[in-house]
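To start, the structure under review is shown below, and the notes come after it.
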Amino acid sequence: MIKVCKFGGTSMSDGMNFRRVAEIVNGDPDRRFVVVSAPGKRFGNDNKVTDLLYDAHTALEEGGNFHSAFTKVRDRFIGIAREIGLTFDIGAVLDECEREIEAERDRDFTASRGEYLSARVMAELLKAPFIDARDTVRFFEDGRLDAEKTFALVKDALKGKKRAVVSGFYGAYPNGKIKTFSRGGSDVSGAIVARAAGADLYENWTDVSGFLACDPRIVDNPARIPALSYQELRELSYMGANVLHSESIFPVREANIPIRIKNTFRPEDEGTDILPVEKYRFTGKTVTGIAGRRHFTVIYLEKSLMNAEIGFTHRVLSVLLKYNVSFEHMPSGIDTMSFIIDSSLLGGGILDRLCADIKEAVHPDHLRVFDDIALLAVVGHGMSRNVGTSARLFSAIAASGVNVRMIDQGSSELNIIVGVDSEDYERTVRAVYREFFGE
Ligand code: ASP
C-alpha cells in the first residue's frame, strides 16, 4: 500500500511540529511520499512564512529593506533547525535563497522558497531524498498545469525511492521559471504526487479533524462529515468550505484515489474520507454539508419575448467575455435572466461599463443590479433520494423570516443554491443546519 501525505502550514509551524510530522510519517511504513507546505502560524497573530516572503518581495520591489524582511524568514527556519537539532547547514541554504531572490526579483519565485526550505529540512529530518517541484511540476506557458508531463516527471523522480519529500505549492514553466499555484496550493501538489505515485490513499494532514457540516463560526460545534464524494467536496470547497484547495481533487479523481483529511494535532481522530461516488457509502443523511460565500452581485435582465429572441444569451455572454468576467449561476425565466457574479470581479468601474454594454447589446426592458448577495450551497447526494427536500429547506428558511432572492438547483440534484441578502446569511445557515442536522 502506498500513502502520500501532505502536511499543511500549521503542521509545519515550528520545530516541535516538524517532529510531530516525522513521528506520524515514521509511524506507518506505507507513508512513503511526503509533501509539505511552508511553516504557517504558530499562534493567532503570527505570520505565515509565505506572507513574510510576499512582504520581502514587496520590500525588494518598492525599495524597502529587503534584508530585514528576509531576516524574519531566516529566523523561523533557523529556529526550526535548532529545535530539531539538525546538523545540516540551514544558514548556507538560506544565504543561497536570499541571493537568488534578489537576483530573480520574481514574486512567485520568492514565495516558493518557503516550501523549498520546509521540504529540505523535512527531508533531512526523515533522512529521505528531497525532490524539488521545480524539476517535476510543469506548467504550460499560459499557466495551466501540464498534467501529463507532470505526472510522468514526478513518477520518474519517485521511481526506486522508498521514501521522498517533495516541496508543495510550486512548479515551473517549460523554461524553468517558477510558478506557484494559488494560495493553499500545496493541497494540489499533494494530489499530483498521489496520482503520480499510484497511491492507494492521499492523506491530507491539517489542523482540523475533517470537514464539518457547516461553518463553526456560525453554528457551535457542528457535526463532522465522516465521508463525502469528490463531487460533494468540489461543491462545498468551491463555496467556501476551505479545508482543502478546491482544485485538489482533479489529479486524484481520475485515478479513483481516496483523500483522507487528518488532524496532525489529534491523529487518533477519524477525519473525513473523500471517495469516488461508487465507493461512497450512503450515510442516510439527506444533506451532507452546507457552505456559502458572501459578496455576489446579481445582474437581472427582463425583456418581453426574450424567449423568442435568438442569440440573446449569446450577446450578453459576449459582453461578459469582453470584460473577462465569469459568472457563477444563470437562473432564467421565460422573459428574465440573471447573472450571479463574484463582486470582486466587478470593481474599478467594470460593473457600470458592463451594464452599459449589455444594454447596448440586447436592449432589455429592465436591467437591475442587486449588490451584496450571499450564496448558500446545500449539498448532498441524499437530496435526490429524499422527496420533499426543497420543501423542507425553503420552509426552514421562511420560518426564520429570510427572503430568498435566488434559487438554483443543478440537474444532478447534488446541490441547491440559495441566494439571500448578505445580512441574512448567518441566520439562513443556522436555520438550514437546524432543519437537516438538528436533533
Ligand atoms: N504556503 C502556501 C500558502 O500559504 C501554500 C500552502 O500552504 O498550501 O498559501
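Whatever order the structure lists them in is the order used to number ligands and atoms, beginning at 1.
Under the ring-ring contact (aromatic ring centres under 6.0 Å, His included) criterion, the residue pairs touching residues 96-118 are Y116-F130, with sequence neighbours excluded.
Residues F139 and F181 bring their aromatic ring centres within 6.0 Å.
Checking R32, R31, R260, K6 one by one against E203, the salt bridge (charged side-chain N to carboxylate O under 4.0 Å, His left out) holds for a single residue, R31.
Counted within 6.0 Å of CD on E104, heavy atoms from surrounding residues, nucleotides or ligands total more than 12; the atom is thus considered enclosed.
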Please assess S229 against H381 for the test side chain to side chain donor-acceptor pair (under 3.5 Å), listing each intermediate value before the final yes or no.
-> CA-CA 9 Å; S229 71; H381 290 292; 2.6 Å; yes
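Protein residues with a heavy atom closer than 4.0 Å to ligand 1 are S37, T50, E115, F169, R183, G184, G185, S186, listed by chain and number.
Salt bridge D132/R134: absent, no basic N to carboxylate O contact under 4.0 Å.
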